[in-house]
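What follows is a set of notes on a single structure, which appears directly below.
Proteins get letters first, then strands, A, B, ... in listed order; numbering begins at 1 in each.
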Amino acid sequence: MRGFFHRQSKFQPVDPDENGNDQSIPDDLWVKCPGCNELLYSKELNDNLRVCPKCEHHFRLRARERIAMLTDVGSFQEWSSRILPQNPLGFADGSGTYEGRLERTQRKSGELEAVIAGEATVEGKPLALVVCDFDFLGASMGSVFGEKLVRATEAAIERGIPLMTINASGGARMHEGLFSLMQMAKTVAALNRLGAAGLPHLSVLTDPCYGGVTASYATVADVVMAEPKAMVGFAGPRVIEQTTKQKLPEGFQTAEFLLEHGMVDLIVSRDQLRVMTASLLTHYENARVVAAEASAAVNAEAHGEDIVVSFHSMAPERAPDSAQTGEAL
Amino acid sequence: MRGFFHRQSKFQPVDPDENGNDQSIPDDLWVKCPGCNELLYSKELNDNLRVCPKCEHHFRLRARERIAMLTDVGSFQEWSSRILPQNPLGFADGSGTYEGRLERTQRKSGELEAVIAGEATVEGKPLALVVCDFDFLGASMGSVFGEKLVRATEAAIERGIPLMTINASGGARMHEGLFSLMQMAKTVAALNRLGAAGLPHLSVLTDPCYGGVTASYATVADVVMAEPKAMVGFAGPRVIEQTTKQKLPEGFQTAEFLLEHGMVDLIVSRDQLRVMTASLLTHYENARVVAAEASAAVNAEAHGEDIVVSFHSMAPERAPDSAQTGEAL
Amino acid sequence: MTDVADPIQQTAPEAPVSAWDRVKLARNPKRPHTLDYLHDLVADFVELHGDRTFGDDQALIGGIGKFDGRSVMILGHQKGSDTRENLKRNFGMARPEGYRKAERLMRHAEKFRMPVITFIDTSGADPTLGSEERGQAIAIAESLVTMAGLRVPIVATVIGEGGSGGALAIGVADRVLMLENSVYSVASPEGSASILWKDAAKAPEAAERMRITAHELLEFGIIDEVIAEPAPAHENARTAIRATGQAISRHLRELIAAFPLHDDEALDRLVAARYTRFRSIGSWQEESAG
Amino acid sequence: MTDVADPIQQTAPEAPVSAWDRVKLARNPKRPHTLDYLHDLVADFVELHGDRTFGDDQALIGGIGKFDGRSVMILGHQKGSDTRENLKRNFGMARPEGYRKAERLMRHAEKFRMPVITFIDTSGADPTLGSEERGQAIAIAESLVTMAGLRVPIVATVIGEGGSGGALAIGVADRVLMLENSVYSVASPEGSASILWKDAAKAPEAAERMRITAHELLEFGIIDEVIAEPAPAHENARTAIRATGQAISRHLRELIAAFPLHDDEALDRLVAARYTRFRSIGSWQEESAG
Ligand SMILES: [Zn+2]
Ligand SMILES: [Zn+2]
């Protein structure tokens, strides 16, 4: 599976004009892997979708890096890029006003807010896409986050296409107070409408994913995927330890822990996400489109013709587990 | 609450002609309580709804005893009393044919099958009622059980009245093989229709309740009540111990255990069942009937009149928990 | 979203009360809790227990009762008024079982066309190993999903603390009311202070800056009405409870008049109106496309 | 219920095979299990895990795959073919988590109008302390409720052992098929023998008397078709799997033709037909009212 994306540019080039910086990582640096402590040459790491070749540690990615890795080259069209945060509470804390904080974050991150929304294709299949950028205030969910996600959902309904969210978040955007909390209700309500329209929501949980995002739209998707070892939970481990004086078990809140506890559908390593997404999209499209057509065809068939059924694979007599796609871990 | 039923005959007299025997327990015997080992005078026990006055142990009851305790005097009209079991498998075991077994059980129990179905009122409120008789082959669920329950459900839908089931069972009627198992699907499917008609199903789990009854209609009711200390589960304790060599904890599979594990709505002692049933029936009737009427009334009100709201109780300033009806245990 | 001209909302405290004062009032252990409201406002209450999968959470209770002549489903966080009761009630911090019970009972209400009344009174959802293992986040999220689509009217009232997702989980309502001395916040003042000021002792300042009081949230249009407390509710519970009952009743009657419970098409409109209510909450600026 | 005139059903074994022989064949660890069927009959299978409340049960698996050109939801008990795998799969005895996963995935299928295909292969539901604590009975009951009302076609096939409520929990289908050497019973022969004969060693006799073989159940009208095994499935898996695929496909096509997936009114009729199917199962005599 390695090198799956080589036929497209490693990272789809980000338009440097839009946000004023190019986010790709220089190829000539050494990076220490937090998973195995090995020094990795960043070119090698980049060529491997920023997954450590030694221990498979998945490095965190910026939103536009994820979009580039997932979508067909040149297919991404950004939506709602000009919805900007403001300061409804007139909030200021020890480090100054919220506006000041936003401005510094925008300059440093090169993004205007914590999610990028848009439309793209994956293996030719169209979808609406909302991707969190953890480098923007920990991808905290504020008004703009909620609004962009809801608009993307509404656009998906209008266009009749599925929605995929790639999630990472530290939680609520504290600076926006209760406006922030209410985005949980707002996003979930919009996604109810997507479901009522028969369109799927695929969610990918990436490291780290906590608080309001996990406790709203991201975990009630039709399919919930997680990247290996991603940390996912409601309350953070530090809060739990402080509150309960409890020692937390090894592997607590990892994607593997969530899978074992029945909370996610499958763990998908980064190099498999594209093919898994395409496979799922094909199934839902199939169910949507083929069902109606097949009904008609079968009607004809049922009145006369022999039924010839062909199955895809007759190769090995017995199936080893591991051959099952999606049989995670 | 004791003596709640004194205004009706202790046990509504069973028609001795129908099944050939009178099921009431003679008043002049001594009975040893399995809960506290005390010797109880059966008159005293009968007067107390066959609940031990010392330890509140709820003695098992026959179906017609339960009907008498629950329903308004003379209100019970039996349904489907002439649906009789037969032997679809041509089954026989070490103790002879199924027909022979049925005949002996019918003679001994004075019943023709393991459930009694009918219509009655409780505090004047009509309901369909299906009650298990554990003395009839352990109230095992066979074809007649399923058919009588389904007919009662269909009659409830037709009449627009709620359904109550009072359950006890050792499990499936083995002698009827897969016909027996299929009653689980059959009964649940019928109850789906009751729900679609907006009519509630109230279930009472009594000692003992196991197997197919617990794993079908009896536990997916709208309200699931249980008698104190009733043993309720899927697999029996002996099977579990034999299979797993595990020692089972104190109180395992008691009603209280089920409440703690979130499996029942409330525990209702025998002397409270009648009033609790009436209260629930009133609420559902209210929701059904009053909603529509109130809508009209409120419409008028909303255009002019002052709203005068009166609440029922202003008595003690603060409410102790225990005052809440249904705050079980 | 709703008529906010009712004179009851104009009531202001005689002396200025700081946000931190409100927090302390909202947390006063003698303040009436859900069961007190039930006792005074609801007849024939039948508590229904359990989530049908794991347990029964006594920090979030629910059941059917008669309110203002109508059988309704009532849900609420339940705090204790002393340590013993607080241990039983987990200080009103619900576990996944609690939210799953709430969801179950809301679906029950929908099935029988009973309106839903919720009382919010929690510092937040239970933050423990066990609750995380059993999917605290998903339990909350699923409750939000259910409420957002529920085809019966819902009135929620913040009676004390409304803390974080654990509060919102029973707060996606057609009308959201707050008692004057309740607070509703995205995180506790202490939590906010340690995150934003790196100092939990700045909680009073955080309480002020985070705009968590009823009057502020009414101004933002996030809640629909402030219920006056002429005296703090723990000093005169009966008055506060009665005023709360009157307010809930008024809103419920309005909702039922506008969206009759027997009218399926009206219930579609109800869900659409609830969507619009939450859809519109947010604050942003929009540049015209360059 | 359905056309039973298909010649495939007439196939009888050359030598008489006792019910107990069938039991042994049904339990043969080398007999193909659900994953083997998936491997040969299904393309692009994506396994979906978890019940969203407690765990992921590997004794009952499910996911989306392409069968006969159509994307469908597939569910099945999964036994192991050796001890190591059987420990992982709990010998195909599902826990409440498994049935809750099944229920979740069936609702998923309904939402996206995908037909459901199930493979039944279990000696029964897991009978342990933990499963009882977490509501084994209710989990099975809820799965029955969901299947009885599911608005997409369901085809179930007993491929090995169909034991008790743990089997029926994924067996409330529009068509129920059985392989010739599978068995379907209200309790295991050993269990039946110890209850009825007070002697588990009488299992072979119980197997005979309980009428648990495919041909007998077809005669009773409880199942809809017997899939022939010219050789026992563990000797020629490919042939058995292929025949099973053909049979499922034929039934699914008939169902979809009669109840098109895009037609809401037809799906109402589908659920009504499923009701009638199970409603009619039973054996009793009725005295005319005296
Ligand atoms: Zn590494
Ligand atoms: Zn006693």
What's the shortest heavy-atom distance between [X] and [Y], and which atoms?
| X | Y | result |
| --- | --- | --- |
| C:L168 | A:A185 | CD2-N, 4.0 Å |
| C:E132 | A:F234 | OE1-N, 3.0 Å |
| A:Q86 | C:S283 | NE2-OG, 3.0 Å |
| C:W284 | A:K186 | CZ3-NZ, 3.8 Å |

**Report entry** Sorted by number, residues from residues 139-152 of chain C in contact with chain A (heavy atoms, under 4.5 Å)
**Finding:** C:I140, C:A141, C:E142, C:L144, C:V145, C:A148, C:G149
Query raised in the report: Do any of residues 122-130 of chain C come closer than 4.5 Å to chain A, heavy atom to heavy atom, and if so which ones, in number order?
Result: C:A125, C:P127, C:T128, C:L129
Checking [X] against chain C: side chain, backbone, both or neither under 4.5 Å from a heavy atom?
| X | value |
| --- | --- |
| A:I83 | both |
| A:A196 | neither |
| A:T244 | side chain |
| A:Y210 | neither |
| A:T214 | both |
| A:Q253 | side chain |
| A:P88 | both |
| A:N192 | side chain |
| A:P237 | neither |

Report task. Please round to the nearest 0.5 Å and tell me the distance separating atom CZ of C:R277 and atom CE of A:M182. Result -> 7.5 Å
Query raised in the report: If you round to the nearest 0.5 Å, how far is CE of C:M93 from OG1 of A:T243?
Result: 7.5 Å
Let me know if [X] has heavy atoms under 4.5 Å from chain A in its side chain, its backbone, both or neither.
| X | value |
| --- | --- |
| C:L217 | side chain |
| C:R274 | neither |
| C:A173 | neither |

What residue, out of [options], has the most heavy-atom pairs lying under 4.5 Å from chain C?
| options | value |
| --- | --- |
| A:A218, A:A92, A:S180 | A:A92 |
| A:V188, A:V213, A:T219, A:L178 | A:L178 |
| A:Q246, A:M263, A:R193 | A:R193 |

Query - Worked verdict on A:R173 versus C:V186 for side chain to side chain contact (heavy atoms under 4.5 Å, CB included) - result: CA-CA 9 Å; A:R173 180 75 53 87; C:V186 64; over 6 Å; no
Report task. Evaluate the criterion side chain to side chain contact (heavy atoms under 4.5 Å, CB included) for residue pair C:E287 and A:L84; output intermediate values, then yes/no. Result -> CA-CA 7 Å; C:E287 286 180 6; A:L84 306 180; 3.0 Å; yes
Query raised in the report: If you tally heavy-atom pairs under 4.5 Å against chain A, which of C:G171, C:A187, C:S164, C:A167 wins?
Result: C:S164
**Report entry** Residues C:L196, A:H175; criterion side chain to side chain contact (heavy atoms under 4.5 Å, CB included); working and verdict
**Finding:** CA-CA 9 Å; C:L196 296 168; A:H175 319 73; 3.5 Å; yes
Are there over 12 heavy-atom neighbours, none belonging to [X], within less than 6.0 Å of that residue's [atom1]?
| X | atom1 | value |
| --- | --- | --- |
| A:E250 | CD | no |
| A:E103 | CD | no |
| A:E158 | CD | no |

Report summary line: Sorted by chain and number, sequence neighbours left out, salt bridge (Lys or Arg N to Asp or Glu O under 4.0 Å) with C:R27 holds for C:E161, C:E190
Just by modelled atom types, is the [Y] backbone N or O under 3.5 Å from a matching donor or acceptor in the [X] side chain?
| X | Y | result |
| --- | --- | --- |
| A:Q183 | C:I281 | yes |
| C:R279 | A:A190 | no |
| C:E286 | A:R82 | no |

Query raised in the report: Residues of residues 143-154 of chain A under 4.5 Å from chain C (heavy atom pairs)?
Result: A:S143, A:V144, A:E147, A:V150, A:R151, A:E154
